[in-house]
Amino acid sequence: MRAYCMVGLLAAFPAPALAERAADLPGEALFVQAGGGGAQATDAAAPPPPDDGATDTQGATPPATAPALPSRGSENAVTQAEDAFGFSSGKETLGLYTSSNVRGFSPVTAGNVRIDGLYFDQVFGMTNRVREATSIRIGLSAHGIPFPAPTGIVDYRMYKPGGTGSHSGLVNIDSYGTVTLETDFVMPLDGERLSLGGGVYVASQQSYDGTADLRNIQGFTLRWRPSPAVELMPFWTRSEISDDERAPRYIPAGPFLPPKVPLRQYDGPAWADFNSVGSSYGLTSALRPSPSWLIRAGLFRSRLDDPSDFAQLFRDLQQDGSARRVIIADPANKAVSTSGELRVSRTVADGPRLHLIHLSLRGRNRTEIYGGSQSIDFGPTEIGAPFHEPKPTFSFGPLSRDHVRQWTGGIAYEGRWARVGEISAGIARTDYSKTVRLPGLPSATTTSRPWLYYASASAQVTGALSLYASYTKGLEESGVAPDNATNRNEPLPSIITTQSEVGLRYAFTPGLRMIASLFELEKPYYSLNQTNLFTLLGDVRNRGLELSLSGALTPRLNVVAGAVLLQPRVTGEGVTLGRVGRRPVGLAERTAMLNVDWRPPIVPGLSFDLAVTHNSAIIATRDNRVSIPGRTLFDIGGRYRFKLGGQGASLRVKLSNLTDRQGFQLQGAGAYDIIAGRLLTTYLAVDF
């Protein structure tokens, strides 16, 4: 496959597809139009932050006018999503992938996050108060983005307050007892030149496992356009979670799943509360000194402080529900990162051809303080048994500290030929340094300075059919050890990853298109070893077939459907010696989803929706002896848009897990949590 990707068709998307990717970015639309061929900007229609992105190819020039905050009543992921790979807008989310799982890996863990296309080292993510949408960019949807990542990209599209004032409010309740209040606004301060947008979210959250918490989230964005060629957009968002009990994680004593666990029942101590404060703030800017030059820059600060945290483990769990209750307490831990990117783009028009060159400098400085935890074994217990032990006096140990410094400089080229094709390539050199300071040991520093590169190409075979191929090599993070590991919360080393793929896009109609691709990803494999140490056990290779169908089947019926057929395999000495199974933990070999939205003609403003998701069995243990059975879940819902006191309003009702299917979700090799049961959610949104 790799050879096919490297020597694949040296061409590009059809011109309309280029315009779709540029629709939100007027500066990019200028680039596309300069290439000729009739390309025009169009209105083409993603562990997240507690209340709860963005297409970018080269970056954006400030538009002459900017939209106000979108109507909360108009949020509809089925009609807004460009493909089936992953999209979210407000409370609406769908897709084959999430920010924690793309083709079997996590883009957020890998460090592949963007804010309006600019590099962002996420410690705490963007909340709905400052972001408009989240998109998963992988395969064809990432084609043409400078310096893509092997594990895909989570792209946040930020709100851009405009020159029209607006206000929206939302009230949400659900059958678990959650109550949520949200409000958002746009306030023009100087017409289109200067405007302020933001919002507040408060919630009393009730969860499927019987835990509860309080959430308070704020965010604000200021958009300043001192001239048509300049845009500055500072933002700030903060989230506070308090009194969030830590539900048990179930760890069986043998090769079997936990017995049935009751829903909506918390049997842990009232004092095992998680408290956390997260914030992200920064500045994005765009400058166009001339029609052929575009300069974009972003500087971001992301921070997460956990004053208290706990893990509650039911170890040695037997099939009759008996176990040992172990509670791990953590002292105050924190993580903070400063990151950003400076990108300079030059475009050269050559008749129907367009040449673009990008120079990029990315950097990050990240510190994590963790550890010092104390583990207490409270002895025998059983699932559902009440627990009233008083809070002990904890004696925390010394803390560990990790510090990462990384600079990456690169150059990329894009060649576009209207109605013929596109070729993209880039090369970058990264300077990575990580210093670890463990208690009682001298500090240890590791460095890495690899060359990273990518190449992609696509060809417009007919007006409806495009073919493409790509290869990408990147340096990515590998996350932290899970709760049931002896090195719990320890950050893991950076790793080299590669991805290659070939695929096609076919437009059945202007509003309905299919994407299909064959891909292969390779990276080191981390999991628990025989001593419960989360460490390197070999390499993992994920090969798969990916399908997406999205758009309008009729003027009143929209569909977003997709499937992934995955063949994940672990290789290395551990597999050869029989210590590690051939299939990696946590991956389903088959995933499929179907979302439809139907608007009946008899009642204007009324629509009904259906969502079906299916996962095959998921390997749950290192030795492959235990699997979580496959399951299919159904969600149904409806929305009604109407006038309330002369203002636009929308009433949304959704029933999740219609059949009340019970089961488990994996929380690390051999550790389990339950899935949510049937849930009825209702919210009313009003736009003023």
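- Between the side chain of S548 and the backbone N or O of A84 there is at least one donor-acceptor pair closer than 3.5 Å.
- Contact between V78 and N558 at its shortest, heavy atoms only, is CG1-O, 3.8 Å.
- Using cut-offs of 30° and 60° for the angle between ring planes, the F220 and F185 rings count as tilted.
- We find the CG-CD1 distance between N216 and I241 to be 11.0 Å, quoted to the nearest 0.5 Å.
- Side-chain N/O atoms of S550 and E82 include no donor and acceptor closer than 3.5 Å.
- With 3.5 Å as the limit, one finds a donor-acceptor pair spanning the side chains of T98 and S100.
- Checking side-chain atoms of T554 against main-chain N and O of L557 turns up a donor-acceptor pair under 3.5 Å.
- Considering only heavy atoms from C-beta on, R366 comes within 4.5 Å of V123 through its side chain.
- Salt bridge annotation for R223-E231: present, with a cationic side-chain nitrogen under 4.0 angstrom from a carboxylate oxygen.
- Both tests hold for R246 against F274: distance to the six-membered ring centre under 6.0 Å, angle to the ring axis within 45°.
- Salt bridge status for E341 with R296: absent, with no side-chain N to carboxylate O gap under 4.0 Å.
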Would E414 and H358 satisfy side chain to side chain donor-acceptor pair (under 3.5 Å), going step by step from the backbone distance to the final call? CA-CA 8 Å; E414 290 185 61; H358 312 285; 3.0 Å; yes
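- Of the N and O atoms on the side chains of S280 and T237, not one donor lies less than 3.5 Å from an acceptor on the other residue.
- A donor-acceptor distance shorter than 3.5 angstrom exists from the side chain of D635 to the backbone of N657, with no hydrogens or angles considered.
- Two residues are said to be in side-chain contact when any heavy atoms from C-beta on lie closer than 4.5 Å; T183 and H167 meet this criterion.
- Between R652 and E92, at least one side-chain nitrogen of the basic residue sits less than 4.0 Å from a carboxylate oxygen of the acidic one, meeting the salt-bridge criterion.
- Annotation for R362 and P146: closest pair NH2-O, 3.8 Å, computed over non-hydrogen atoms.
- The shortest distance between side-chain heavy atoms of M233 and K160 falls below 4.5 Å.
- Panel note: side chain T109, backbone S106; no donor-acceptor pair is recorded below 3.5 Å.
- For the residue pair H403 and N365, a side-chain donor N or O sits within less than 3.5 Å of a side-chain acceptor on the partner.
- Using a cutoff of 4.0 Å between basic side-chain nitrogens and carboxylate oxygens, D597 and R599 are scored as salt-bridged.
- In this structure, OH on Y119 lies 13.0 Å from CZ on R343, to the nearest 0.5 angstrom.
- Judged by distance alone, the side chain of D83 and the main-chain N or O of F85 form a donor-acceptor pair under 3.5 Å.
- When all heavy atoms of A247 and T211 are compared, the pair lying nearest together is CB-CG2, 3.9 Å.
- Heavy atoms of other residues, nucleotides or ligands lying less than 6.0 angstrom from CH2 of W224 number 12 at most.
- Checked by atom type and distance alone, the side chain of D309 never pairs as donor or acceptor with a backbone atom of N275 at under 3.5 Å.
- Residue L594 holds its CG atom at 10.5 Å from CG of L94, rounded to the nearest 0.5 Å.
- Using a 4.0 Å cut-off between charged side-chain N and carboxylate O, K654 and D609 make no salt bridge.
- In terms of heavy-atom proximity, S195 sits nearest to P161 at OG-O, 2.7 Å.
- Comment: R129 engages D184 in a salt bridge, judged by a side-chain N to carboxylate O separation of less than 4.0 angstrom.
- The CZ atom of F235 sits 12.5 Å away from the CG atom of L222 when rounded to the nearest 0.5 Å.
- Only one option out of D305, L304, V336 pairs with F124 in a side-chain contact (heavy atoms from CB on, under 4.5 Å); it is L304.
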Given side chain to side chain donor-acceptor pair (under 3.5 Å), test R301 with T338 step by step and report yes or no. CA-CA 5 Å; R301 179 81 164 176; T338 301; 2.5 Å; yes
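- For the pair L287 and P289, the tightest heavy-atom approach, listed with the atom from each and the gap, is O-CD, 3.4 Å.
- A salt bridge between E182 and K91 is present, with a side-chain N of the basic residue lying under 4.0 Å from a carboxylate O of the acidic one.
- With E245 contributing its side chain and A212 its backbone, the two residues share a donor-acceptor pair below 3.5 Å.
- Of the possible donor and acceptor atoms, none in the side chain of D190 sits under 3.5 Å from a partner among the backbone N and O of R193.
- Here the CG atom belonging to D209 is positioned 9.0 Å from the OH atom belonging to Y176, to the nearest 0.5 angstrom.
- In terms of heavy-atom proximity, Y159 sits nearest to T221 at O-CG2, 3.8 Å.
- To the nearest 0.5 Å, atoms CZ (R346) and CG (L356) are separated by 10.0 Å.
- The closest side-chain donor-acceptor pair between D121 and S337 falls under 3.5 angstrom.
- No side-chain N or O of R157 forms a donor-acceptor pair with one of S135 less than 3.5 Å apart.
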